[in-house]
Engineer: 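Take a look at this one; I'll ask things after.
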Number of protein chains: 2
Amino acid sequence: MRRDVFQAIADPTRRAIIGLVALGALTPNAMAEHFEISRQAVSKHLRVLTECEIVKQQHHGREIFYHLQIEKMKEVADFIEPYRQMWETKFDQLEKVLNTLK
Amino acid sequence: MRRDVFQAIADPTRRAIIGLVALGALTPNAMAEHFEISRQAVSKHLRVLTECEIVKQQHHGREIFYHLQIEKMKEVADFIEPYRQMWETKFDQLEKVLNTLK
DNA sequence: TATTTACGAAACCATTTGGTTGCAAATATA
DNA sequence: TATATTTGCAACCAAATGGTTTCGTAAATA
């Protein structure tokens, strides 16, 4: 199976988990409270995120806190960057045309 | 089935198609030459990309040219933006620490 | 010590995915 | 007009996905 950042953020629940963990490390149980799905389903998503190295485990007694590895998200930013330049150029050119028309 | 930009960019072939179409509109046949998979497989990816409104068709005789709708990619940029700010802040703080140590 | 709690892992299931081959239809060309 | 080309669509298939329930184990607690 594919295991990369793009696969990781494809699922809406996983994007929500990333959003939660961005605010602070959490245990699977704490996360599950935010969703309609079971704790085990959240755990399966966490497994994917761990395999993608988007989160890291920190054991603390019988609890496991999941921390966001924010740098991993950079891969998505790197992918989108050239396209961002494209639509900004497009916008600039449109602006020029509009200014000329004035 | 889920039909959003995140689903669209989850597949590596679709990311490659987006990259190709970014350089200029192409027909499915022309795209298929760049990949190992069949013309029909490319067509199925194009269907997904069309449903996500990442590409638009332009009929020209019996050929169909696919154009990139660059603005759609903005949704990904909007998603990543807050995280970009997070890792930049992190980097700035690290830099401060390193400067103090000097 | 006995029980509860937190968790991952496994088995299972329906649906989706990403590929294939084989059409039919529309357009271009001989 | 007959034939070739370009394309989308349907049927099919194996594998992956996202969920469930059940279970074993380790740690906290009564």
Side-chain angles (χ1 to χ4, degrees), chain A residues 1-21 24-69 72 76 79, chain B residues 1-21 24-69 72 76 79:
Chain A
M1 7 174 178
R2 230 176 310 130
R3 284 293 176 258
D4 55 40
V5 201
F6 299 99
Q7 188 66 13
I9 65 169
D11 183 82
T13 304
R14 278 199 295 268
R15 287 199 300 278
I17 290 178
I18 293 173
L20 275 178
V21 180
L26 281 173
T27 64
N29 257 325
M31 293 182 211
E33 285 173 15
H34 291 81
F35 305 105
E36 293 298 293
I37 58 176
S38 70
R39 193 260 316 162
Q40 284 89 341
V42 173
S43 254
K44 283 184 76 171
H45 283 303
L46 284 171
R47 193 183 172 176
V48 175
L49 291 173
T50 305
E51 285 172 358
C52 297
E53 299 187 302
I54 290 178
V55 297
K56 272 226 162 67
Q57 299 183 343
Q58 189 199 358
H59 293 255
H60 195 265
R62 69 182 163 188
E63 289 178 316
I64 301 181
F65 287 86
Y66 285 84
H67 294 256
L68 183 62
Q69 300 297 108
K72 259 287 161 177
V76 182
F79 164 75
Chain B
M1 358 166 186
R2 226 176 312 130
R3 283 294 176 258
D4 56 39
V5 201
F6 299 100
Q7 188 67 13
I9 64 169
D11 182 84
T13 303
R14 277 197 297 268
R15 286 199 300 278
I17 289 177
I18 293 174
L20 275 179
V21 180
L26 280 174
T27 64
N29 256 328
M31 292 182 211
E33 285 173 13
H34 291 80
F35 305 104
E36 292 299 292
I37 59 176
S38 70
R39 194 261 316 162
Q40 285 89 339
V42 173
S43 254
K44 283 184 77 170
H45 283 303
L46 283 171
R47 192 182 173 176
V48 176
L49 292 173
T50 305
E51 284 171 359
C52 296
E53 299 186 301
I54 290 178
V55 297
K56 273 225 163 67
Q57 300 184 344
Q58 191 199 356
H59 294 256
H60 196 266
R62 71 183 162 190
E63 289 179 316
I64 302 181
F65 286 87
Y66 284 83
H67 294 255
L68 183 62
Q69 299 298 107
K72 260 285 163 178
V76 182
F79 164 75

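No hydrogens, no waters, no symmetry mates; every other heavy atom, side chains included, goes into these values. The sequence lines fix the lettering, A, B, ..., with proteins before strands; numbering per chain opens at 1.
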Engineer: With sequence neighbours excluded, what pairs up with B/H34 under the side chain to side chain donor-acceptor pair (under 3.5 Å) test?
Structural biologist: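 B/H34 satisfies side chain to side chain donor-acceptor pair (under 3.5 Å) with no other residue.
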
Engineer: Is there side-chain contact between A/E63 and A/P28, with at least one heavy-atom pair below 4.5 Å?
Structural biologist: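 No, every pair of side-chain atoms sits at 4.5 Å or beyond.
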
Engineer: Name all residues meeting the salt bridge (charged side-chain N to carboxylate O under 4.0 Å, His left out) criterion together with B/R62; count only those two or more places apart in sequence or in a different chain, and write none if there are none.
Structural biologist: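 Listed in chain order: nothing, the list is empty.
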
Engineer: Less than 4.5 Å apart, any side-chain heavy atom of A/I17 and any of A/M31?
Structural biologist: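 Heavy-atom side-chain distance check passes, below 4.5 Å.
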
Engineer: Residues two or more places apart in sequence or in another chain: which of them pass side chain to side chain donor-acceptor pair (under 3.5 Å) with A/R15?
Structural biologist: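 Side chain to side chain donor-acceptor pair (under 3.5 Å) list for A/R15, sorted by chain: empty.
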
Engineer: Are the side chains of A/Y66 and A/Q57 in touch, meaning some heavy atoms are under 4.5 Å apart?
Structural biologist: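 A/Y66 reaches A/Q57 side chain to side chain.
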
Engineer: Regarding B/F35, tell me which of base, sugar-phosphate or nothing describes its non-hydrogen contacts under 4.0 Å with the strands shown.
Structural biologist: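 Result for B/F35 = nothing.
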
Engineer: Less than 6.0 Å separating the ring centroids of A/F6 and B/F6?
Structural biologist: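 Aromatic pair excluded; centres sit 6.0 Å or further apart.
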
Engineer: How many Å lie between CE on A/M31 and C1' on C/dC7, as a whole number?
Structural biologist: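 The answer, rounded to whole Å, is 12 Å.
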
Engineer: Between A/R2 (side chain only) and B/P12 (backbone N and O only), is there a donor and an acceptor less than 3.5 Å apart?
Structural biologist: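 No, because the side chain of A/R2 does not come within donor-acceptor range (under 3.5 Å) of the backbone of B/P12.
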
Engineer: Between atom CD1 in A/I37 and atom C1' in C/dC13, what is the gap in whole Å?
Structural biologist: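 Between C1' of C/dC13 and CD1 of A/I37: 17 Å.
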
Engineer: Return no unless some side-chain N or O of B/S38 is found under 4.0 Å from OP1 or OP2 of C/dG19.
Structural biologist: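 For B/S38, the contact criterion (side-chain N or O under 4.0 Å from OP1 or OP2 of C/dG19) is not met.
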
Engineer: Could I get the full list of side chain to side chain donor-acceptor pair (under 3.5 Å) partners for A/Q69, not counting sequence neighbours?
Structural biologist: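 With sequence neighbours excluded, A/Q69 shows a side chain to side chain donor-acceptor pair (under 3.5 Å) to no residue whatsoever.
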
Engineer: Does B/R2 have a side-chain nitrogen or oxygen under 4.0 Å from the phosphate oxygens OP1 or OP2 of C/dT17?
Structural biologist: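 No, because none of the side-chain N or O atoms of B/R2 sits under 4.0 Å from OP1 or OP2 of C/dT17.
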
Engineer: Could you go over nucleotides 22-26 of chain C and give all protein N or O partners under 3.5 Å, atom names and distances?
Structural biologist:
| residue | atom | partner | partner atom | Å |
| --- | --- | --- | --- | --- |
| C/dG22 | O6 | B/Q40 | NE2 | 3.0 |

Engineer: Does A/N29 have a side-chain nitrogen or oxygen under 4.0 Å from the phosphate oxygens OP1 or OP2 of C/dT5?
Structural biologist: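 No, because none of the side-chain N or O atoms of A/N29 sits under 4.0 Å from OP1 or OP2 of C/dT5.
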
Engineer: With a 4.0 Å heavy-atom cut-off, tell me which residues in residues 4-14 of chain A come close to DNA chain C, sorted by residue number.
Structural biologist: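 None, since no heavy atom is under 4.0 Å.
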
Engineer: Reading DNA chain D from 5' to 3', where do the contacts with chain B start and stop? Cut-off is 4.0 Å to heavy atoms.
Structural biologist: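 Going 5' to 3' along DNA chain D, contacts run D/dA4 to D/dG18.
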
Engineer: Who pairs with A/A30 by side chain to side chain contact (heavy atoms under 4.5 Å, CB included), at least two apart in sequence or on another chain?
Structural biologist: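 Partners of A/A30 by the side chain to side chain contact (heavy atoms under 4.5 Å, CB included) criterion, ordered by chain and then number, come out as A/L26, A/T27.
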
Engineer: Name each donor-acceptor pair under 3.5 Å that joins a side chain in residues 36-49 of chain B to protein atoms two or more places apart or in another chain, with its distance.
Structural biologist:
| residue | atom | partner | partner atom | Å |
| --- | --- | --- | --- | --- |
| B/S38 | OG | B/A41 | N | 3.1 |
| B/H45 | ND1 | B/R14 | NH1 | 3.1 |
| B/R47 | NE | B/E51 | OE2 | 3.3 |

Engineer: For A/E53, what residues pass the salt bridge (charged side-chain N to carboxylate O under 4.0 Å, His left out) criterion, not counting sequence neighbours?
Structural biologist: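 A/E53 satisfies salt bridge (charged side-chain N to carboxylate O under 4.0 Å, His left out) with no residue once adjacent residues are dropped.
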
Engineer: In chain order, what residues pass the side chain to side chain contact (heavy atoms under 4.5 Å, CB included) check against A/H60, with sequence neighbours excluded?
Structural biologist: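 For A/H60 the side chain to side chain contact (heavy atoms under 4.5 Å, CB included) partners, ignoring immediate neighbours, are A/F65.
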
Engineer: If you take any heavy atom closer than 4.0 Å to DNA chain D, which residues from residues 44-58 of chain B end up in contact?
Structural biologist: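 The answer is B/Q57.
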
